[in-house]
Amino acid sequence: MINDKVIQLLEEMTIEEKIGQLTQFAGVFYSTSHSSTPVTGRIEFPVNQEMIDASGSVLGIAGAEKLLEIQKNHLEKNRLGIPLLFMADVINGFESIFPIPLGLGATWDPLLVEELQAVSAKEATSAGLHVSFAPMADLVRDPRWGRVMESTGEDPYLNSLFAKATVRGLQGSDLKNDSQHLAACVKHFAAYGLSEGGRDYNTVDLSERELREMHMPAYQAALDADVKLVMTAFNTVNSIPATGNKALLRDMLREEYGFDGVIISDFSAVQELIPHGVAEDEAEAAKKALDAGVDIDMMSLCYSHSLKRLIEEGKVELALLDEAVKRVLELKNELGLFEDPYRQTSVTREKETLTNSRHKELVRKAAEKSAVLLKNDNALPLSTSTNVALIGPYADNKDLLGEWSIFGKVEETDTLKDCMEKTFSHFAYSKGSEMYERNEKLLNEALYSASNADLIVLALGEGRERSGEGRSRASITLAPCQLELAKKLYELGKPIVVTLFNARPLDLTELEPYVNAILECWHPGSEGASAITNLLLGEANPSGKLTMSFPRTTGQVPVYYNAYTTGRPLPPGSDERFFSRYIDVANEPLYSFGFGLSYTSFKYSKLHLSSDQLTANESLTITLDITNAGEVSGEEIVQLYIQDPVAEVVRPGKELKGFQKIFLEAKETKTIQFEVTESMLRYYHSDLSYKSDSGTFHIYVGSSSESSKLTKLSFTLLDL
Ligand code: GLC
């Protein structure tokens, strides 16, 4: 129901004031006295003070003192007293930084993510923010794309759970009265993760059926969780850039999915309709974007420069402008900004919130649970008496926060060296190489340090400077100097444990034979070093499982678990020629979706179905026992996949349809159950109807998506 205040404002606003509400400029234009945050595109454009004063929202700046000043100055100038919205990318924490989303995905713990995002919202709102550009809900399959770090991976079901959890954590349930939560913005609509060649901002081309089957579930989960904003993607969908795509935004997102919140463009994406080749000039770009349903033009001047004239010339309906302004004002109203433009922001509240030790504990737990043990030849866990040499360019590197941790404090972040040297009684450290450059002196020093140790912890990876937006790589290998360091250390004949700090799946094929253990740590956040130290010592038992496949080589990309079977699926172990395969590498990734080891081992038994037939209005029950067969407690993520072997269109060889993360003491056995219902078997048919077909289905239950780790059962869905 539209608010009376909003109606009154719409009646009183001039056309210039209305257009101002639909523009957003970076914080750097508001607060030259304060360092503003980096922007993610070019900002050389002729914005003037009139445009700044008329604008309705600000991008990428935070801090109680700063934003109170900016809001105060703005309200003094704004004729109708319409407050500014402050929006920023708070992706994996505000000051208490948790692991990058690709690491959070590996926790398979949506409730933990909801808790983390609530802390993030509490910190971000204490610093004056009203909107966070999260969740990034793009499904990803190509680790050449630097932005895979922001995603939770290659599975639509898992991505949808994390998108929902992020919206719930950020928004809470009463934005108007609860100033410790903020509005969430799901992005990038749509299918940005399919950028061709993994090259950022590149073309995306997919069928509508694929869009709905694979990419929509996560966006829809955010919509169903009442996300307040949607951000348009830079890429094309069906050969039309998303930001000017009426079929995608107005017909699908608004009409079919019922989204009536604010649609904001990505950075300069309205203006980019021109280089995309679908707009002649700023005026045509503005018209296309507004027609498509884009409310806010982020960091371009198309709306500022052109909308007034387009309306005066009758080329754009005033009603369309009013509709967009109404949504922006409604959002301000939902946030309670008309009642309190400062939303209880204060320097005191900010200080009390940002120094909360409980937040540190939580983000440390998240870092422990996001780590994935990829290999362990009994080298781990260590003990504090292990005579250890910590080697590698990431060993004493503070930058564990990830590329989107704009407001995190790198300078206050402990390094792995900081934590390990306090813990191990026999400890040596040597850098071994620069991050990407070879250094003979460092190499020799490292070999000397390691020669006196019993075990080597080798900290490798790639930093934020090689991840995130605009950071696509044509090859996903480790830097040659890091591989050389590993091979030289291997010649010493001592166990090597790799702690890997990276923000995308890397090609570890050449490294793997030279090391005894690999712990995937991601960019683990502000408490990452202490978390990794706990994991190395077994004080925390690794429980993470991958949500994005690690290719054997870049040439395998894209490789993902839920692929179609093809007409010539390679029989297991076969090297026959005329099948879908490579002659130089195996088809399977080096590490699969759902894979992750533990310091203990889990045994699956007594798997059975309550029936081998299912009808539409009942459910099947899968029952099995899980036993912790080892000597230490641990968590296992039991995965349920379903295959529809004969359908109206081709279907994935398997699809994740459920999972349970269970804690087991040593030697403990638990019986767990999954329910299977007809609704889990539905898919988009060639006519885009979403329904199931009767017939045989296969169930796979196990500890990873690899066939060797799964037990198969079958059942029949009877005619509906
Ligand atoms: C960037 C990103 C988007 C971000 C926006 C504002 O270009 O694509 O994810 O929210 O600009 O920083």
Side-chain angles (χ1 to χ4, degrees), residues 23-30 36-45 55-62 85-94 100-102 117 120 124 129-140 145-152 163 166-167 170 182-195 198-202 204 218-219 222 227-237 241-243 262-273 275-276 289 294-300 402-408 464 467-472 503:
T23 65
Q24 179 175 103
F25 304 117
V28 66
F29 296 112
Y30 287 80
S36 177
T37 55
V39 289
T40 55
R42 294 188 306 271
I43 58 169
E44 308 84 23
F45 63 68
S55 177
S57 62
V58 185
L59 165 65
I61 187 170
L85 276 171
F86 294 107
M87 306 191 189
D89 299 275
V90 186
I91 307 294
N92 53 308
F94 179 79
I100 55 173
L102 196 57
Q117 293 292 3
S120 179
L129 287 173
H130 303 139
V131 174
S132 173
F133 296 126
M136 187 272 215
D138 304 331
L139 181 137
V140 293
W145 191 46
R147 302 197 71 166
V148 297
M149 57 154 289
E150 296 174 64
S151 164
T152 47
T166 299
V167 173
L170 289 175
L182 43 60
C185 173
V186 65
K187 66 186 184 184
H188 306 79
F189 196 70
Y192 184 14
L194 281 198
S195 294
R199 203 176 81 225
D200 215 344
Y201 317 118
N202 203 4
V204 167
Y219 301 126
V227 71
K228 298 303 177 190
L229 296 93
V230 174
M231 182 185 292
T232 63
F234 289 116
N235 52 278
T236 54
V237 175
T243 307
V262 170
I263 296 178
I264 184 169
S265 80
D266 203 337
F267 192 109
S268 74
V270 174
Q271 186 278 337
E272 291 173 14
L273 296 177
H276 263 298
V294 175
D295 299 314
I296 296 179
D297 174 9
M298 181 199 288
M299 283 300 288
S300 104
E403 175 56 6
W404 265 129
S405 56
I406 299 173
F407 307 103
R464 67 162 71 193
S467 67
E469 184 172 354
R471 298 269 179 58
S472 299

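Atoms within each ligand, like the ligands themselves, are counted from 1 in listed order. None of the values given here were measured: they were computed from a predicted structure. What you see below is based on every heavy atom in this structure, not just the backbone, and it leaves out hydrogens, waters and symmetry mates.
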- Query: Do H276 and T243 come within less than 4.5 Å of each other through their side chains, counting heavy atoms only?
  - Reply: no

- Task: Classify the angle between the aromatic ring planes of F94 and F407 as parallel (below 30°), tilted (30 to 60°) or perpendicular (above 60°).
- Result: parallel

- Does the side chain of D89 come within less than 4.5 Å of K187's, by heavy atoms? yes

- Query: Does the side chain of M231 come within less than 4.5 Å of F267's, by heavy atoms?
  - Reply: no

- Query: Where does the angle between the aromatic ring planes of Y201 and Y192 fall among parallel (under 30°), tilted (30 to 60°) and perpendicular (over 60°)?
  - Reply: parallel

Enumerate, one pair per line, all nitrogen or oxygen atoms of ligand 1 lying under 3.5 Å from a protein nitrogen or oxygen, stating the separation to 0.1 Å; write 'none' if no such pair exists.
{"from": "ligand 1", "atom 1": "7 (O)", "to": "T40", "atom 2": "OG1", "distance (Å)": "2.8"}
{"from": "ligand 1", "atom 1": "7 (O)", "to": "D266", "atom 2": "OD1", "distance (Å)": "3.3"}
{"from": "ligand 1", "atom 1": "7 (O)", "to": "E469", "atom 2": "OE1", "distance (Å)": "3.0"}
{"from": "ligand 1", "atom 1": "7 (O)", "to": "E469", "atom 2": "OE2", "distance (Å)": "2.9"}
{"from": "ligand 1", "atom 1": "8 (O)", "to": "R147", "atom 2": "NH1", "distance (Å)": "2.6"}
{"from": "ligand 1", "atom 1": "8 (O)", "to": "R147", "atom 2": "NH2", "distance (Å)": "3.4"}
{"from": "ligand 1", "atom 1": "8 (O)", "to": "D266", "atom 2": "OD1", "distance (Å)": "3.2"}
{"from": "ligand 1", "atom 1": "8 (O)", "to": "D266", "atom 2": "OD2", "distance (Å)": "2.5"}
{"from": "ligand 1", "atom 1": "8 (O)", "to": "E469", "atom 2": "OE1", "distance (Å)": "3.4"}
{"from": "ligand 1", "atom 1": "9 (O)", "to": "R147", "atom 2": "NH2", "distance (Å)": "2.7"}
{"from": "ligand 1", "atom 1": "9 (O)", "to": "K187", "atom 2": "NZ", "distance (Å)": "2.9"}
{"from": "ligand 1", "atom 1": "9 (O)", "to": "H188", "atom 2": "NE2", "distance (Å)": "2.6"}
{"from": "ligand 1", "atom 1": "10 (O)", "to": "D89", "atom 2": "OD1", "distance (Å)": "2.4"}
{"from": "ligand 1", "atom 1": "10 (O)", "to": "K187", "atom 2": "NZ", "distance (Å)": "3.1"}
{"from": "ligand 1", "atom 1": "11 (O)", "to": "T40", "atom 2": "OG1", "distance (Å)": "2.9"}
{"from": "ligand 1", "atom 1": "11 (O)", "to": "D266", "atom 2": "OD1", "distance (Å)": "3.0"}
{"from": "ligand 1", "atom 1": "12 (O)", "to": "D89", "atom 2": "OD2", "distance (Å)": "2.6"}

- Task: For the pair T152 (side chain) and P101 (backbone), establish whether a donor and an acceptor sit closer than 3.5 Å, ignoring hydrogens and angles.
- Result: no

